[in-house]
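Every chain is numbered from 1 and lettered A, B, ... according to where its sequence line falls, protein lines coming before strand lines.
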2 protein chains.
Amino acid sequence: MDRMRNFGFILKNLERLYTKRFEALAQELSLTLPQCKALFQLSRNEGISQKRLAELAEIEPMTLVRILDRMESDGWVERRPDPNDRRARTLYVTAGAKPVLEQIDKLSAQMRAEALAGLSGEQRNQLMGLLEHVYQNLLATKVNP
Amino acid sequence: MDRMRNFGFILKNLERLYTKRFEALAQELSLTLPQCKALFQLSRNEGISQKRLAELAEIEPMTLVRILDRMESDGWVERRPDPNDRRARTLYVTAGAKPVLEQIDKLSAQMRAEALAGLSGEQRNQLMGLLEHVYQNLLATKVNP
DNA sequence: CTACTATAATAACAATTGATACTATCTCAG
DNA sequence: CTGAGATAGTATCAATTGTTATTATAGTAG
């Protein structure tokens with residue numbers, strides 16, 4: 001039980017290392033991890049609103065605005081008016097984003113390979129299962145503090 | 001194998017939730033997680049230099065300077081000159097920091113209880129083992145990119 | 001001893017992020 | 001219909017963090 005003392009620390013350090021490594025690899029794309037996350041989620045949910053994308057990618061709406069500003073000016077993403085709600089925009093990825101998305105796919109595969117090296121399929125499953133469990137636990141504290 | 005797609009995302013989201021929750025709990029102490037980390041590590045390694053503490057707590061040296069500035073003015077930490085190296089300082093926690101350290105202990109115990117609820121002792125061990133493994137994998141990429 | 005390079009701590013500045021407020025539009029009670 | 005409150009998106013400003021430069025001191029080669 002005492003071994004768990006570092007649980008929080010290792011979690012944080014792990015995440016930091018993971019992000020740093022990812023961004024080192026993604027440098028040529030000049031993308032940060034949140035940007036990749038947004039583009040990735042958008043690519044499989046085209047037509048959603050910014051609010052929804054912010055939820056899916058778990059990014060602050062304000063941060064998402066800036067990410068989209070950039071990606072729109074880079075020609076990767078389109079903001080179209082929502083015919084049902086003139087406040088909202090619907091989001092689409094353009095054809096120009098395809099190569100970037102492929103790169104992101106490749107990158108995340110490489111990241112996983114590096115991070116999970118030496119773990120069996122069963123161990124990987126266990127790890128995901130455990131992380132998801134912890135994630136649910138923490139989500140619960142948000143609603144019920 | 002496809003389940004692992006979200007590995008990076010869940011890692012990041014988990015860490016964010018964990019940190020947010022921790023800081024929500026630590027609000028009364030008006031401490032952030034890095035600050036707690038620094039104080040905690042210092043408390044079990046008194047006499048070390050700032051450089052060393054930055055390594056132990058995995059904080060940027062510059063960030064640590066600011067953390068120490070604050071904790072020194074709050075009377076929790078002392079910077080004493082290093083007799084062997086006039087560039088360096090040696091760090092000590094004061095008696096005034098004791099109640100804070102106890103609070104930190106309590107908080108991190110509560111965090112662990114919340115985060116790990118519903119996991120058996122064996123599962124917790126597995127989780128730590130797997131996380132440490134992944135951590136080592138990522139550390140290796142830093143040295144050998 | 002002297003000059004060169006490295007290192008600990010910090011300062012000054014740049015970039016990023018988060019919090020708050022604002023505008024336009026929507027929804028709904030009356 | 002109308003007025004009150006909620007919501008989507010965004011601008012603005014404050015706070016945090018990371019980067020680069022600076023200062024003082026240490027180690028070391030000649």
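One finds a side-chain N or O of A/Arg89 lying less than 4.0 angstrom from the OP1 or OP2 phosphate oxygen of D/dT10.
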Going by atom type alone, with no hydrogens or angles, which donor-acceptor pairs under 3.5 Å involve a side-chain atom of residues 40-48 of chain B and a protein atom two or more places apart or on another chain?
unit_1	atom_1	unit_2	atom_2	d
B/Ser43	OG	B/Phe40	O	2.6
B/Asn45	ND2	B/Gln41	O	2.8
B/Glu46	OE1	B/Val93	N	2.9

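The distance between atom CD of B/Glu23 and atom P of C/dT17, rounded to the nearest whole Å, is 16 Å. For A/Leu33 and C/dT16, the CG to C1' distance is 15 Å, given to the nearest whole Å. Between the CD atom of A/Gln35 and the P atom of C/dA15 there is a distance of 15 Å, rounded to whole Å. Rounded to whole Å, the distance from NZ on B/Lys51 to P on D/dA26 is 17 Å.
A/Ser120 is linked by a side-chain contact (heavy atoms from CB on, under 4.5 Å) to A/Glu122, A/Gln123, counting only residues two or more places apart in sequence or in another chain. Under the side-chain contact (heavy atoms from CB on, under 4.5 Å) criterion, A/Gln50 pairs with A/Leu64, A/Val65, A/Leu68, A/Arg79, A/Arg89, A/Leu91, sequence neighbours left out. With sequence neighbours excluded, no residue forms a salt bridge (Lys or Arg N to Asp or Glu O under 4.0 Å) with B/Arg86.
The NZ atom of B/Lys37 sits 10.5 Å away from atom CZ of B/Phe22, with the distance rounded to the nearest 0.5 Å. Atom OH of B/Tyr135 is separated from atom CG of A/Leu14 by 8.0 Å, given to the nearest 0.5 angstrom.
For residues 37-48 of chain A, proximity to DNA chain C is found at no residue, defined as any non-hydrogen atom under 4.0 angstrom from a strand atom. Of all the residues in residues 57-87 of chain B, B/Met62, B/Thr63, B/Arg66, B/Asp85, B/Arg86, B/Arg87 reach under 4.0 Å from DNA chain D with at least one non-hydrogen atom.
Between B/Thr32 and A/Arg52, it is A/Arg52 whose nearest contact on DNA chain D lies nearer the 5' terminus.
Remark: side-chain polar atoms of B/Glu23 are paired, donor with acceptor, to backbone N or O of B/Leu33 under 3.5 angstrom.
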Side chain to side chain donor-acceptor pair (under 3.5 Å) between B/Glu132 and B/Gln136, worked out: CA-CA 6 Å; B/Glu132 280 165 7; B/Gln136 291 305 324; over 6 Å; no
